[in-house]
Amino acid sequence: MILALETSCDETAAALITDEGEIAANVIASQADLHARYGGVVPEVASRRHLELVVPVLRETLGERSLDDVERVAVTRGPGLIGALLVGVQVAKALAWSRKLPLVPVDHLHGHVASLFLLPDPVEPPFLCLLASGGHTLLLDVRGHSEFDVVGTTLDDAAGEAFDKGARLLGLGYPGGAAIDRLARDGDPEAFAFPVARVSGLDFSFSGLKTALLYTVRDLGEAEAEGRRADLAASYQRAIVRALVERTRDAASKTGRDRIAVVGGVAANSELRAALPEASAAPLPLCTDNAAMIGSAARFVEAVPYPHYLGLDAYASAR
Ligand code: KG4
Ligand code: ZN
């Protein structure tokens with residue numbers, strides 16, 4: 001059994017995963033409500049909250065089991081908020097060290113991809129993967145369970161960030177992706193023509209879209225914008241989804257992959273899932289941050305033997 005920890009942003013999460021990729025336990029304590037009043041994640045607040053939540057989350061994850069059942073400890077090493085990551089890394093080191101267990105450092109992005117390798121419906125590489133989250137928008141040529149090349153990325157905002165910034169402009173609170181998704185169901189996606197920048201190659205750009213929404217809301221005026229919120233949400237979502245779908249299909253044909261998958265928080269979006277019916281996607285709770293995906297990735301990463309991981313550091317930026 002692998003005990004996995006994830007604390008890279010505002011979810012304190014732990015999971016137990018078998019070597020076959022079965023989820024034995026999966027616990028997520030979201031801090032979203034805590035950060036909502038600030039309109040976004042406050043790094044120092046997140047670190048402190050991880051400290052408070054990590055032991056209760058671990059206890060709930062183990063349940064009737066004990067650390068005797070754990071053979072390896074896995075943890076997200078980066079990228080993410082450095083203070084938040086350090087809580088998970090230190091706790092994982094302490095747990096592993098106390099039992100003389102090996103430690104598996106996992107890259108968060110590899111974790112999102114590995115959300116597809118869990119039972120009962122594992123997706124086997126190779127495939128072309130769209131990873132769209134609050135921090136990243138990547139097109140990945142996934143060649144193996146732990147081998148992938150970046151073939152496209154965003155030049156500015158991530159897709160999830162575009163959702164969150166749009167939600168903020170529409171007064172929907174933080175994080176706003178799921179709120180836009182819900183509101184868009186009652187709106188007309190053709191009501192407003194929001195442009196999506198066409199950049200060369202397989203890259204994305206979302207910052208102009210957010211500005212277009214800002215100007216549209218300003219031109220409509222407060223009352224009118226309020227009354228047409230569903231149309232605005234639907235049209236804005238349509239523009240993001242269209243860009244993601246176009247580029248993902250382009251990337252699949254350029255890399256010669258005949259299968260497509262979507263992962264990350266934005267993969268929970270209902271319009272995106274409907275617009276890419278041929279794509280594999282993880283179950284909804286495994287799209288947003290969780291530790292099951294970290295345990296899943298750990299199956300394909302070399303463990304660091306006891307006690308050589310004590311000097312291991314977290315990293316904030318993608319590598
Ligand atoms: O993967 P994730 O939990 O965290 C990161 O690694 O960033 O992704 C969070 C992002 C947020 O930007 C959130 O607004 C977005 O995923 N998101 C959605 C939906 N659910 C979450 N965006 C669009 N539609 C959704 N249903
Ligand atoms: Zn994530």
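Whatever order the structure lists ligands and atoms in, that order sets their numbers, starting from 1.
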Sub-4.5 Å side-chain heavy-atom contact between [X] and [Y]:
X      : Y      : answer
Thr7   : Thr76  : no
Thr154 : His136 : no
Phe192 : Leu220 : yes
Tyr306 : Arg99  : no
Ile2   : Glu71  : no
Asp141 : Phe127 : no

Identity and separation of the nearest protein heavy atom to [atom]:
atom                    : value
atom 20 (N) of ligand 1 : Gly265 O, 3.5 Å
atom 11 (C) of ligand 1 : Asp164 OD2, 3.5 Å
atom 26 (N) of ligand 1 : Asp181 OD2, 2.9 Å
atom 3 (O) of ligand 1  : Asp289 N, 2.9 Å
atom 22 (N) of ligand 1 : Gly177 CA, 3.4 Å
atom 7 (O) of ligand 1  : Gly134 N, 2.8 Å

Problem - Distance under 6.0 Å and angle within 45° of ring axis: Arg238 vs Tyr236 - result: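 No - Arg238 does not lie over the ring of Tyr236 by the 6.0 Å and 45° rule.
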Have [X] and [Y] got a donor and an acceptor in their side chains that come within less than 3.5 Å?
X      : Y      : result
Asn269 : Gln237 : yes
Asp10  : His50  : no
Glu246 : Thr248 : no

Exercise for the section: Between Asn269 and ligand 1, find which residue part has any heavy-atom pair under 4.0 Å and reply side chain, backbone, both or neither. Expected result: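 Within the 4.0 Å criterion, Asn269 contacts ligand 1 through backbone and side-chain atoms alike.
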Could you tell me whether [X] and ligand 1 have an N or O pair separated by under 3.5 Å?
X      : value
Gly264 : no
Pro175 : no
His112 : yes

Which of the ligand 1 atoms, numbered from 1, are nearer than 4.0 Å to a heavy atom of [X]:
X      : value
Gly160 : 12 (O)
Ser133 : 1 (O), 5 (C), 6 (O), 7 (O), 8 (O)
Gly135 : 7 (O)

Ligand 1 contact by [X], heavy-atom criterion under 4.0 angstrom:
X      : result
Cys9   : no
His108 : yes
His136 : no

Practice task
Taking both backbone and side-chain atoms into account, decide whether His136 has an N/O/S atom under 2.8 Å from the Zn ion (ligand 2).
Solution key: no
Problem - Metal-centred angle, NE2 of His112 through the Zn ion (ligand 2) to OD1 of Asp289, rounded to 10 degrees - result: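 An angle of 100° at the metal.
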Handout entry: Near-ring test Phe300/Phe117, centroid separation under 6.0 angstrom
Key = yes
